[in-house]
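In what follows, every chain begins at residue 1, and chains take the letters A, B, ... in the order their sequences are listed.
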Protein chains: 2
Amino acid sequence: MTDNDFDLGRFLPYALNQAAEASSIGFQKYYRQRYGMLRTEWRVLFHLGRYGAMTAKAICARASLHKTKVSRAVQALEQKRYLARSVQEEDRRRETLSLTRQGQEVYADLYEAAKAYDAKLSAHLTPQEREILNRCLQKITKV
Amino acid sequence: MTDNDFDLGRFLPYALNQAAEASSIGFQKYYRQRYGMLRTEWRVLFHLGRYGAMTAKAICARASLHKTKVSRAVQALEQKRYLARSVQEEDRRRETLSLTRQGQEVYADLYEAAKAYDAKLSAHLTPQEREILNRCLQKITKV
DNA sequence: AGATATTAGTTTGATTTGTAACTAACAACG
DNA sequence: CGTTGTTAGTTACAAATCAAACTAATATCT
């Protein structure tokens, strides 16, 4: 028989998913409405903007995204003229992805929006809570 | 210009999503392979198993799921013979959903699996971290 | 060199999700 | 009553995701 002391709200994958969804809604609305971007597109843009030009493969590894997802996000960002590709001379399979000037502007705007949005979310937490939360999330992600 | 002190790993929606995904994989594998269930199906099953018979609407509210998602999960669970519907006499629009004996067995198994899985995840955290993590997730979900 | 294996990235088709329109039962108002 | 509005749940179509097969370039092995 089940003992009934274990609640859904205490099940980590469930609680994390609920919190992740709730916390994403506001920011998602911003980049969707303002730039017509999807979540993966935003992530790819952010990686390039924050960490500089790199290949699709590198983005896959950094962001733990599947290559088909990245491939499609790159296409979409290219169409929006936020991103440019350049084939590498020394290995023509690989292409270096980088943001266009326009892409950098979008990144800068989203960067500020993300920072402000994060601050708003964190306002409900004490500094200690915020720090421990971060640490826990890192640990769980690494597992 | 952006100041570059704000990292993706510190952006709450991103960090939460990464942790949520990483933490879900193992358990997802279990209910997928063993029972061919989808995430929403598992959630609906869990709600009925843990909190007793209720309407689809009630599940929507409790789990913050859209009614079409619940509708489809209920159909799937019904086909698997894990769940039965019964139209309410006093209002024939509503139907009470409840688990069949087989559904209860599946629930009991998943309940134990979830509990064990959660314990494994939590093993990397101190009791204090675990407590604060829970509190933070609740706060964020409520916003 | 020539066959075979890897690797970076794309395309395709099947599942899954999201959005909006729909049906059927009930409620409220004249 | 009958018209209009609301509610519970389903269906249909579009958008997004996933897995697997594919292309083209490079590496390896004989």
Side-chain angles (χ1 to χ4, degrees), chain A residues 17-18 20-22 24-26 28-29 31-33 35-45 47-48 53-80 83-98, chain B residues 17-18 20-22 24-26 28-29 31-33 35-45 47-48 53-80 83-98:
Chain A
N17 264 292
Q18 295 289 92
E21 257 182 59
S24 296
I25 292 174
Q28 185 174 30
K29 211 167 260 174
Y31 62 70
R32 271 193 102 110
Q33 291 184 352
Y35 301 106
M37 284 169 66
L38 257 30
R39 198 201 318 218
T40 310
E41 294 172 41
W42 166 74
R43 288 195 185 182
V44 167
L45 185 94
H47 271 275
L48 292 172
M54 62 181 95
T55 65
K57 176 116 216 258
I59 296 178
C60 292
R62 293 195 69 110
S64 10
L65 287 169
H66 195 267
K67 57 186 182 171
T68 62
K69 254 180 154 177
V70 170
S71 173
R72 282 188 277 248
V74 166
Q75 282 180 322
L77 291 171
E78 194 183 23
Q79 278 199 317
K80 295 190 181 83
L83 168 157
R85 318 156 98 122
S86 90
V87 174
Q88 293 186 9
E89 274 316 306
E90 66 274 26
D91 183 344
R92 260 170 293 153
R93 283 172 305 185
R94 322 176 76 213
E95 39 188 24
T96 304
L97 307 171
S98 56
Chain B
N17 264 292
Q18 294 290 91
E21 256 181 60
S24 295
I25 291 174
Q28 185 175 30
K29 212 167 261 175
Y31 62 71
R32 270 193 102 110
Q33 290 185 353
Y35 300 108
M37 285 169 66
L38 257 30
R39 191 182 351 197
T40 311
E41 295 172 41
W42 166 73
R43 289 195 185 182
V44 167
L45 185 94
H47 271 275
L48 293 172
M54 62 181 95
T55 66
K57 176 117 215 258
I59 296 178
C60 292
R62 294 195 68 112
S64 10
L65 287 169
H66 196 268
K67 59 186 180 170
T68 61
K69 251 180 154 179
V70 170
S71 173
R72 283 187 275 243
V74 166
Q75 282 180 320
L77 290 171
E78 195 183 23
Q79 279 198 316
K80 294 189 182 83
L83 168 157
R85 318 155 98 122
S86 89
V87 174
Q88 293 186 11
E89 273 315 308
E90 67 273 26
D91 184 344
R92 258 170 294 153
R93 283 171 306 184
R94 323 175 76 212
E95 40 189 25
T96 304
L97 307 172
S98 55

Practice item. Looking at every strand, decide which applies to A/K67 at a 4.0 Å heavy-atom threshold: base, sugar-phosphate, or nothing. Key: base

Point to revise | Contact nearer the 5' end of DNA chain C, comparing A/H66 with B/H66 | key: A/H66

Revision key, fill the gap. Assert: residue with more 5' nearest nucleotide on DNA chain D, out of A/T40 and A/E89, is A/T40

Which listed nucleotide ([options]) is nearest to the side chain of [X]?
X: A/K69; options: D/dT17, C/dC26, C/dT19; answer: D/dT17
X: A/R32; options: D/dA16, C/dA8, D/dG9; answer: D/dA16
X: A/K57; options: D/dT26, D/dT6, C/dG9; answer: C/dG9
X: A/Q75; options: C/dG9, C/dT11, D/dA8; answer: C/dT11
X: B/L38; options: D/dA25, C/dT16, C/dG18; answer: C/dT16
X: A/E95; options: C/dT7, C/dA25, C/dG9; answer: C/dG9

Integer-rounded Å distance: [N] [atom2] and [X] [atom1]:
X: A/M37; N: D/dA16; atom1: CE; atom2: C1'; answer: 16 Å
X: A/M54; N: C/dA8; atom1: CE; atom2: P; answer: 15 Å
X: B/Q79; N: D/dT10; atom1: CD; atom2: P; answer: 13 Å
X: A/E90; N: D/dT26; atom1: CD; atom2: C1'; answer: 12 Å
X: B/N17; N: D/dT17; atom1: CG; atom2: P; answer: 12 Å
X: B/R93; N: D/dA8; atom1: CZ; atom2: C1'; answer: 6 Å
X: B/D91; N: D/dT6; atom1: CG; atom2: P; answer: 17 Å
X: A/R92; N: D/dA27; atom1: CZ; atom2: C1'; answer: 15 Å

Check your understanding: Do A/R72 side-chain and C/dG9 base share a donor-acceptor contact under 3.5 Å?
Key -> no

Check your understanding: Taking everything shown except B/R85 itself, do over 12 heavy atoms lie less than 6.0 Å from its CZ?
Key -> yes

**Study point:** Heavy atoms from other residues, nucleotides or ligands near NZ of A/K57 exceed 12 (cutoff 6.0 Å)
**Key:** no

Should [X] and [Y] count as side-chain neighbours, where that means a heavy-atom distance under 4.5 Å?
X: A/R43; Y: B/N17; result: yes
X: A/T40; Y: A/R72; result: no
X: A/K69; Y: A/V44; result: no

Review point. Does A/R94 have a side-chain nitrogen or oxygen under 4.0 Å from the phosphate oxygens OP1 or OP2 of C/dG9?
Key: no

Check your understanding: Would one find a side-chain N or O of B/T68 under 4.0 angstrom from OP1 or OP2 of C/dG18?
Key -> no

